[in-house]
A.B. asks: 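First, the structure itself, so that you have it in front of you.
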Protein chains: 2
Amino acid sequence: MKAHGTTATTATAAATVAAPDTEQAPSGRATNEVYERLRSAIVNGELRPNMPLIEADLSRALAVSRTPIRESLQRLSAEGVIAPRKRGFAVREFSAEEIQETYEVRAALESYGARLAAERASDAEIAAIAAIQTEREAEEQPTHQFRVETNRRFHAAIMAAARNKRLADCVFQFGQSYFNQRIARLMSEQDYQRNQADHRRIVAALKARDAGAAEAAMRTHIMHTFLTFQRVGSL
Amino acid sequence: MKAHGTTATTATAAATVAAPDTEQAPSGRATNEVYERLRSAIVNGELRPNMPLIEADLSRALAVSRTPIRESLQRLSAEGVIAPRKRGFAVREFSAEEIQETYEVRAALESYGARLAAERASDAEIAAIAAIQTEREAEEQPTHQFRVETNRRFHAAIMAAARNKRLADCVFQFGQSYFNQRIARLMSEQDYQRNQADHRRIVAALKARDAGAAEAAMRTHIMHTFLTFQRVGSL
DNA sequence: AAGCGAATTTTTGTATGCAATAATGTGTGT
DNA sequence: ACACACATTATTGCATACAAAAATTCGCTT
């Protein structure tokens, strides 16, 4: 490919990130803007794994110099979203083993969060968690969007109730991987029903203030999601 | 303070990081060199919390331009070692609550690691873990250095046996904070003996392949370290 | 003195330039 | 056609330059 002056049109990383030239970053930080855009593009799967991130291309696409690009890349690399290659960086690819490892870490973190929530949550917080699940159960025509969003809120509410910001941050980080969205999209109706049952068990344990049960239920729940991944095979 | 030409002598961040002008980074990557030096300076407590990191100073002290400095700062920021201020970055300070939170996360991760190790380790790995603890018990005049190092090896061996690289990386990350070294230094003989007892319990659980017991023992062990911190009060 | 505001200095954020190195292409001999 | 040396290009890594923003100093007024 020959770069021809202004705007590249090939299916390269830069193409999918191009800025909608409105909203032209009046808020001082170009680096943050670039960082956010790249991260969301990667998490949403717009930038495919192993796609190399060419600084000059991104620079043109996002209309900033290479400096904020390079700083964003460092940050994304530290977060494990992209990986260093011999030359520069590429969108990180996760093997099946690495995905399993990630789910195990999430299981460790979220199950401990459930335990802490059972010990520390106020009654109001537990009621709020239960309410989210009730909302899920009540919806008769749940869209994919609805399911993802209420699920996110359910888990976030539990983490908030655990009163450990660091833990919540960690869990959030681990949710920021392209394969999560993909797995969510590939979930069958049966998977969804199993998740609902898991959620009910978690709520019950929290209401009973049974830390051990909450922890175990959450652990099982997370690993169920991993089973979904295994069933659908490679992404 | 007036920067006067070449070498600053005041007690600023840059002073403590200055390169020993030998070993002049023949291996291409200046950014990595800078990153490593800053991180270790912070973790070892040479750079005190809240100390602002002035790019120009660091640049002079480490004899590189501001570019690799800034890239290192992005990385350290993503890792939570430094924190953004209104202007630039400063060494991150952890409140007592944040330290507790960190220990809770470590407890979650390492206890799950112990569980996985109990399920997955080979007999040889468990023997190796036991051997490290035996070595600890055998030493009659253990220096601080010896205690820290064997402790590190003990925990690392368990994480390796858990066969989850991501988990091991996470635990390692959480160990990279200045307060860990400080707490280790403030440990009383009684604390050390309690740790030894904890380690023995963990080894016993692993030998028995009792995942639940290994998990519980490790969790208790980590939280004991947190109790040590609480006893000595503020750092 | 204390408070306030403008001028000055620091320090950062972004852009650009240049040399080094990896990647790629091209030709030649076998 | 294949392998290999060599030339060319693409891309990075680091340094520098410059403008904007924040912090500081200084002088003025009260």
Side-chain angles (χ1 to χ4, degrees), chain A residues 1-15 17 19 24-38 50-78 82-91, chain B residues 1-6 8 10 12-15 17 19 24-38 47 50-78 82-91:
Chain A
M1 144 187 175
K2 281 183 171 37
H4 58 291
T6 52
T7 321
T9 51
T10 6
T12 173
V17 188
Q24 75 164 13
S27 55
R29 302 297 189 277
T31 298
N32 293 339
E33 191 73 15
V34 170
Y35 163 77
E36 285 297 345
R37 196 177 291 276
L38 285 177
N50 284 322
M51 191 178 273
L53 298 160
I54 308 298
E55 296 171 9
D57 292 355
L58 297 172
S59 167
R60 250 170 281 141
L62 296 173
V64 295
S65 83
R66 278 175 53 216
T67 306
I69 302 283
R70 286 175 62 81
E71 290 178 0
S72 297
L73 293 180
Q74 287 294 330
R75 204 154 144 194
L76 292 165
S77 176
I82 67 180
R85 287 269 171 289
K86 184 160 38 178
R87 204 76 221 279
F89 294 97
V91 177
Chain B
M1 145 189 172
K2 282 181 178 15
H4 58 292
T6 51
T10 6
T12 174
V17 189
Q24 75 162 16
S27 56
R29 302 295 188 281
T31 299
N32 293 339
E33 190 74 15
V34 170
Y35 164 77
E36 285 296 346
R37 196 177 290 275
L38 285 178
L47 263 43
N50 283 323
M51 190 177 274
L53 298 161
I54 308 299
E55 296 171 10
D57 292 355
L58 297 172
S59 168
R60 251 170 280 140
L62 296 172
V64 294
S65 83
R66 278 174 55 215
T67 307
I69 302 283
R70 294 187 107 257
E71 290 178 0
S72 298
L73 293 181
Q74 287 294 329
R75 205 153 143 194
L76 292 166
S77 176
I82 66 180
R85 287 271 171 288
K86 182 162 38 178
R87 202 76 219 278
F89 295 95
V91 177

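Lettering follows sequence order; numbering is per chain, from 1. Below, all heavy atoms of this structure are taken into account, side chains as well, without hydrogens, waters or symmetry copies.
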A.B. asks: Expressed as a whole number of angstroms, how long is the span from B/R85:CZ to C/dG13:C1'?
C.D. replies: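 One finds 19 Å between C1' of C/dG13 and CZ of B/R85, rounded.
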
A.B. asks: Using whole Å, what does the distance between atom C1' of nucleotide C/dT12 and atom CD1 of B/I82 come to?
C.D. replies: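 After rounding, the reported distance stands at 14 Å.
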
A.B. asks: Tell me the interatomic distance from A/E71, atom CD, to C/dT12, atom C1', rounded to whole angstroms.
C.D. replies: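 In whole Å, C/dT12 C1' and A/E71 CD are 10 Å from each other.
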
A.B. asks: Starting at CZ of B/F89 and ending at P of C/dG13, how long is that distance when rounded to a whole Å?
C.D. replies: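 Rounded to whole Å, this separation is 7 Å.
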
A.B. asks: Round to the nearest Å and state the distance from A/E33 atom CD to C/dT14 atom P.
C.D. replies: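 Interatomic distance, CD of A/E33 to P of C/dT14: 11 Å.
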
A.B. asks: Between A/S65 and C/dT14, is there a contact of a side-chain N or O with OP1 or OP2 at under 4.0 Å?
C.D. replies: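 Checking C/dT14 against A/S65, no side-chain N or O comes under 4.0 Å of OP1 or OP2.
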
A.B. asks: For the residue pair A/R66 and A/L73, establish whether any side-chain heavy-atom pair is separated by less than 4.5 Å.
C.D. replies: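 In short, these two side chains do not touch, never coming nearer than 4.5 Å.
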
A.B. asks: Given side chains that start at C-beta, do those of B/L53 and B/L47 come closer than 4.5 Å, heavy atoms only?
C.D. replies: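 Yes; the side chains approach each other to less than 4.5 Å.
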
A.B. asks: Do you know which two heavy atoms are closest between A/V34 and A/S72, and how far apart they sit?
C.D. replies: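 Looks like CG1-OG, 3.4 Å.
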
A.B. asks: Report yes if some heavy atom in the side chain of A/Y35 is under 4.5 Å from a heavy atom in the side chain of A/Q74; otherwise report no.
C.D. replies: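 Sidechains of A/Q74 and A/Y35: no contact.
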
A.B. asks: Who pairs with B/R70 by salt bridge (Lys or Arg N to Asp or Glu O under 4.0 Å), at least two apart in sequence or on another chain?
C.D. replies: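 Listed in chain order: A/E71, B/E55.
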
A.B. asks: On DNA chain C, check which nucleotide each of A/A63 and B/A56 is closest to and give me the residue with the more 5' one.
C.D. replies: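 Nearest nucleotide further toward 5': that of B/A56.
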
A.B. asks: So which protein nitrogen or oxygen atoms get under 3.5 Å of nucleotides 5-9 of chain C's nitrogens or oxygens?
C.D. replies:
none

A.B. asks: Given atom CG of A/D57 and atom C1' of D/dT11, what is their separation to the nearest angstrom?
C.D. replies: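 My rounded result for the distance is 10 Å.
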
A.B. asks: Can you tell me how far P of D/dT11 sits from CZ of A/R70, to the nearest Å?
C.D. replies: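 Distance check: A/R70 CZ to D/dT11 P gives 14 Å.
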
A.B. asks: State which of C/dG13, D/dA15, C/dA15 makes the closest approach to the side chain of A/R29.
C.D. replies: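 Shortest atom-to-atom distance from the side chain points to C/dG13.
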
A.B. asks: Can you check nucleotides 18-22 of chain C for protein contacts, nitrogen or oxygen pairs under 3.5 Å, and list what you find?
C.D. replies:
unit_1	atom_1	unit_2	atom_2	d
C/dT21	O2	A/R87	NH2	2.8
C/dA22	O4'	A/R87	NE	3.3

A.B. asks: Please check: side-chain N/O of A/S77 versus main-chain N/O of A/A83, any donor-acceptor pairing under 3.5 Å?
C.D. replies: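 No: the side chain of A/S77 does not pair with the backbone of A/A83.
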
A.B. asks: What heavy-atom pair brings A/A78 and B/A78 nearest, and what distance separates the two atoms?
C.D. replies: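 Closest approach of A/A78 to B/A78, heavy atoms only: CB-CB, 3.6 Å.
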
A.B. asks: Could you tell me if the side chain of A/N32 sits less than 4.5 Å from the side chain of A/R75, heavy atoms only?
C.D. replies: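 SC-SC contact between A/R75 and A/N32 confirmed.
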
A.B. asks: Check this for me: does any side-chain nitrogen of one of A/E33 and A/R29 sit under 4.0 Å from a carboxylate oxygen of the other?
C.D. replies: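 A/R29 and A/E33: not salt-bridged.
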
A.B. asks: Give one of base, sugar-phosphate or nothing for A/L53, where a contact means two heavy atoms less than 4.0 Å apart.
C.D. replies: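 Touches sugar-phosphate only.
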
A.B. asks: Rounded to the Å, how far apart are B/E55 CD and D/dA22 P?
C.D. replies: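 Rounded to whole Å, this separation is 15 Å.
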
A.B. asks: Would you indicate which nucleotide in D/dA15, D/dT11, C/dG13 comes nearest to any side-chain atom of B/T67?
C.D. replies: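 Side chain of B/T67 sits closest to D/dA15.
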
